[in-house]
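Protein chains get the first letters and strands the later ones, always in sequence-line order, with residue 1 at the start of each.
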Amino acid sequence: MKLEIAAKPPFSLHSVIHSHGWARLAPFNLDDETGEFSYVLELENQRVLKLIIEEIPDGVSVEIEDPISKVEANEISEAVAWMLGLDQDFSEFYELARGESKLEHIEREAQGRILRSPTLFEDTIKTILTTNTAWSGTIRMANTLVTQFGEAIPGDDTAKAFPNPDTIAESDEKTLREETRLGYRSSYILNLAREVNSGTFDLETLKDSDLPVEKVRDSLLSIKGVGNYAVANLLMLLGHYSYLTIDSWALKMVSHEWYGGEPVTPTEVEQAFEKWGDWKGLAYWLWDWSYDGE
DNA sequence: GGTAGACCTGGACGC
DNA sequence: GCGTCCAGGTCTACC
């Protein structure tokens, strides 16, 4: 079974996949040898399917091994469209960026879309898993979480979906610490799963909320484990670019780019991108640093 | 409101 | 082998 989903041009699946590290976090999978890009999705009816996503002339195709119903096809199409930002329009940003040599590549390569998970719950957990750890640690923790708590495709225990809030909520901090090895993040993730599962916190409504970005930010900041860096990352995934994902890497890059290697503060990083207004988060993210950080 | 210090883990590094 | 440091931060107590 193969679905075809249109994307607003210009579009590049390669640019979405490489927009950040998410393609390396389970249940995404990017095969370095074949180039195959896939995601294991659990549908609302709890059916678990592997989606193989490829670029086609006007968008993407999604290959599913087994037959699916029309309702399931619609759910998959909506999920993939969200994950790849197929409806997103960056023409205003492209126009603004013309003439800036450090951003001259973005329109040519159709950059701007940032790969995201089907749910904000999954992206929030993954963002928490990026904090205060090496990237290899983030990959390990996400993989263990999926392996330990995710629903498998029938007959294939190696392919599992991202766990639902209820599955994690039923766990406990000891298990998350000692078996999933999430460290001090265990309590953050357990609290979030329990709040979402109980309905205390309706996280998913923030995906298409009419609230001002400041209100969305406040709501996300109320999550334990989500601070300034994490909230900026989540806002960027939601399509709000007025905050910068200032982490230790950003400080190093801006220091090298404009301050001759001298230490800089988060305020100075903000100032460096102030001219890009509501697009500054994306300008920072897509900036050609051409400095490898070594 | 600003800022030390603690926090899990695992890989890199020096000895 | 072993100890130390620290990585794509955040929270809390304290001032």
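Taking atom P in both dG8(C) and dA4(B), the straight-line distance is 23 Å, to the nearest Å. Rounded to the nearest Å, the gap between the C1' atom of dT10(C) and that of dG11(B) is 22 Å. dC5(C) sits 15 Å from dC8(B) when the C1' atoms are compared, rounded to a whole Å.
The CZ-P distance, from R140(A) to dG11(B), rounds to 8 Å in whole Å. Going from atom CE of M141(A) over to atom C1' of dG8(C) covers 12 Å, rounded to whole Å. In this structure, CG of N191(A) is placed 13 Å from C1' of dC11(C), rounded to the nearest angstrom. Rounded to an integer number of Å, the gap from CG of L182(A) to P of dG10(B) is 10 Å. dG8(C) atom P lies 19 Å from atom CG of L234(A), rounded to whole Å. Across the protein-nucleic acid pair, N132(A) atom CG and dG5(B) atom C1' stand 13 Å apart, rounded to whole Å. The separation between L25(A) atom CG and dG8(C) atom C1' is 12 Å, rounded to whole Å. Here dA6(B) presents its P atom at 19 Å from NZ of K224(A), a figure rounded to the nearest Å.
Two rings, from W289(A) and Y284(A), have their centers less than 6.0 Å apart. Checked against a 6.0 Å centroid threshold, the rings of W258(A) and F273(A) count as neighbours.
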Can you check side-chain hydrogen bond (donor to acceptor under 3.5 Å, both in side chains) on S117(A) and T119(A), steps first, answer last? CA-CA 5 Å; S117(A) 307; T119(A) 66; over 6 Å; no
Take F28(A) and F37(A) through the test ring pair (Phe, Tyr, Trp, His ring centres under 6.0 Å) and record every step on the way to the result. CA-CA 7 Å; F28(A) 282 110; F37(A) 175 58; 5.7 Å; yes
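Using cut-offs of 30° and 60° on the angle between ring planes, the pair H20(A) and W22(A) is parallel.
A close approach under 4.0 Å does occur between a side-chain nitrogen or oxygen of R177(A) and OP1 or OP2 of dC8(B). Distances shown here put a side-chain N or O of R181(A) below 4.0 Å from the OP1 or OP2 atom of dG10(B).
Nucleic acid contact for T130(A): sugar-phosphate only, since backbone atoms but no base atoms lie under 4.0 Å from a heavy atom of the residue. Across all strands shown, N228(A) has heavy atoms under 4.0 Å from sugar-phosphate atoms exclusively, and none from any base. Within the nucleic acid shown, R185(A) comes within 4.0 Å of at least one base atom, counting heavy atoms only. Heavy atoms of G137(A) sit nowhere under 4.0 angstrom from any nucleic acid atom. Nucleic acid contact for I223(A): sugar-phosphate only, since backbone atoms but no base atoms lie under 4.0 Å from a heavy atom of the residue.
Under the 4.0 Å criterion applied to side-chain N and carboxylate O atoms, K102(A) and E257(A) are assigned as salt-bridge partners.
With sequence neighbours left out, the ring pair (Phe, Tyr, Trp, His ring centres under 6.0 Å) criterion links F162(A) to no other residue.
If you find the closest nucleotide of DNA chain C to T245(A) and to Y188(A), the one lying nearer the 5' end belongs to T245(A). Of the residues near DNA chain B, S136(A) and G183(A), the one whose nearest nucleotide (by heavy atom distance) lies more toward the 5' end is G183(A).
Considering CG of L234(A) and NE2 of H240(A), their distance stands at 11.0 Å, rounded to 0.5 Å.
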For Watson-Crick and G-U wobble pairs within 3.5 Å on both distances, what is DNA chain C written in dot-bracket notation, | included for inter-strand pairing? |||||||.|||||||
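If you check dT10(C), dC11(C), dA7(C) against the side chain of Y229(A), the one that comes closest is dT10(C). Each of dC7(B), dT10(C), dT9(B) was ranked by its minimum atom distance to the side chain of Y184(A); first place goes to dC7(B).
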